[in-house]
Amino acid sequence: MSLVALLATIGAGIGLSAGLAFNLRLAAVLGSPLVATLVTFWVGAGLLLSLWALGLDGTRPTAWPLPWTLLGGVLGVTYVTLSLIVGARLGAGASTVAVTLGQVLGAAVITGLGWLGQTAQPPTLSALLSAGLLLGAVALLAADRNRGRG
Amino acid sequence: MTQVSKRAPFLLLAVAAGTLLPMQFAVNSALAGELQSVTLTAGISYLVGAVVLGGVLAVLRVRFNWAPARTAPRWVWLGGVVGSAYVVGSVVLTRLLGAALATTFVIAAQVLTALALDHFGALGLPRRRMNRTRTLAALLVLAALGLRLWGLRLWGLR
């Protein structure tokens, strides 16, 4: 595992967990989790496009990208909206475990079949076991959070 | 039983929602391949999301209140800054390792960070210290990572 991959992992993990905490707080302030998400998305877009404009990385693209590659943000919005709906119905614990199950299943299928521009890599036994352990960890954390509340 | 059957559609919806995240990893990774820039890619992902969500909120006529927002601590507005680290990190990881491994790493890092934030009660979260259950969760995450990185050979199982 390279240093870049390690830094990306730490950045993604902290960004996701801390981002959720920020969003919870902003949602309480604004009275709507979706409006909080909207603010978060605009701030993120502003920051990242500014960094790009400053020439932080990469070169100027010379051609328009394929249209389907632009739809990542639509998937992100759909994800946030659906997870709010199921979280309200199932409670934070059960919905987190079910969403995580979807993540590992989706990842195994997309990569396994080489969809969406991925290089096909069939899932291995250790990958499946590893996904099971992660789900167990997420379930334990969710159960412990529920206990603390009750 | 009725309780289970009422929840079942939402459990399925939750699983379906989860599949969207690795899809977003793969789509953003393909965009980064075209644009050769992770900041432009992640910025476009956020921008497209913001425009679509703005449209949805306008159609739904969601109301919100800016008044209490003025008195809130300034840091609550900066979720998009830490969120940017997540989007950039996920693009970089997916480019390097593929969506499957990237998803494993991100879930693992997310659980470990959540344990740490809870333990210290950071960012206005209620403080929940490490206990046996949480230690076991952390160990499972580390085992999952070890298994993914070094396979079963290390355990002499293959």
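Predicted model only: the values in this text are computed from it and were never measured. Sequence lines set the chain letters: A, B, ... in the order given, protein chains first and strands last, and positions in each chain run from 1.
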Check each atom of [X] against the heavy atoms of chain B and say whether the ones under 4.5 Å are side chain, backbone, both or neither.
{"X": "A:T37", "value": "both"}
{"X": "A:W68", "value": "both"}
{"X": "A:V99", "value": "both"}
{"X": "A:A18", "value": "both"}
{"X": "A:N23", "value": "neither"}
{"X": "A:T69", "value": "both"}
{"X": "A:L56", "value": "side chain"}

Check whether any side-chain N or O of [X] sits under 3.5 Å from a backbone N or O of [Y] as a donor-acceptor pair, and report yes or no.
{"X": "A:S83", "Y": "A:V80", "result": "yes"}
{"X": "A:S95", "Y": "A:A92", "result": "yes"}
{"X": "B:T71", "Y": "B:A67", "result": "no"}
{"X": "B:R127", "Y": "B:D118", "result": "no"}
{"X": "B:T19", "Y": "A:G102", "result": "no"}
{"X": "A:Q103", "Y": "B:G18", "result": "no"}

Top residue by heavy-atom pair count (under 4.5 Å) with chain B, among [options]?
{"options": "A:L71, A:L70, A:L105", "result": "A:L70"}
{"options": "A:I110, A:L7, A:I85, A:V109", "result": "A:I110"}
{"options": "A:V43, A:L140, A:I10", "result": "A:L140"}
{"options": "A:T119, A:V86, A:V39, A:L47", "result": "A:V86"}
{"options": "A:T96, A:T62, A:L24, A:L66", "result": "A:L66"}
{"options": "A:G106, A:G117, A:A107", "result": "A:A107"}

Heavy-atom pairs under 4.5 Å with chain A - which of [options] has more of them than the others?
{"options": "B:L101, B:L115, B:T104, B:T41", "value": "B:T104"}
{"options": "B:L60, B:T94, B:L21, B:L112", "value": "B:L21"}
{"options": "B:A50, B:G89, B:A85, B:G79", "value": "B:A50"}
{"options": "B:V52, B:V88, B:L117, B:L145", "value": "B:L117"}
{"options": "B:A114, B:A138, B:A116, B:G124", "value": "B:A114"}
{"options": "B:L139, B:L12, B:L35, B:V92", "value": "B:L35"}

Atom group of [X] that falls short of 4.5 Å from chain A, counting heavy atoms:
{"X": "B:P126", "result": "neither"}
{"X": "B:I44", "result": "both"}
{"X": "B:L78", "result": "both"}
{"X": "B:T103", "result": "side chain"}
{"X": "B:A99", "result": "both"}
{"X": "B:L136", "result": "both"}
{"X": "B:V141", "result": "both"}
{"X": "B:L13", "result": "both"}

Looking only at heavy atoms, what is the nearest atom pair of [X] and [Y], with distance?
{"X": "B:L140", "Y": "A:G136", "answer": "CD1-C, 3.7 Å"}
{"X": "B:N28", "Y": "B:S45", "answer": "ND2-OG, 3.2 Å"}
{"X": "A:P61", "Y": "B:L40", "answer": "CG-CD2, 3.8 Å"}
{"X": "B:A32", "Y": "B:V91", "answer": "CB-CG1, 3.7 Å"}
{"X": "A:L128", "Y": "A:P123", "answer": "CD2-CB, 4.5 Å"}
{"X": "B:V87", "Y": "B:A42", "answer": "CG1-CB, 3.5 Å"}

To the nearest 0.5 Å, how far apart are CG in A:D144 and CZ in B:R132?
12.5 Å
Out of curiosity, A:Y79 OH to B:L20 CG, how far, rounded to the nearest 0.5 Å?
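One finds 9.0 Å between OH of A:Y79 and CG of B:L20.
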With a distance cut-off below 6.0 Å to the six-membered ring centre and an angular limit of 45° from the axis, does A:R25 pair with B:W77 as a cation-pi contact?
no
Above 12 or not: heavy atoms from other molecules or residues under 6.0 Å from CZ of A:R60?
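Above 12, so yes.
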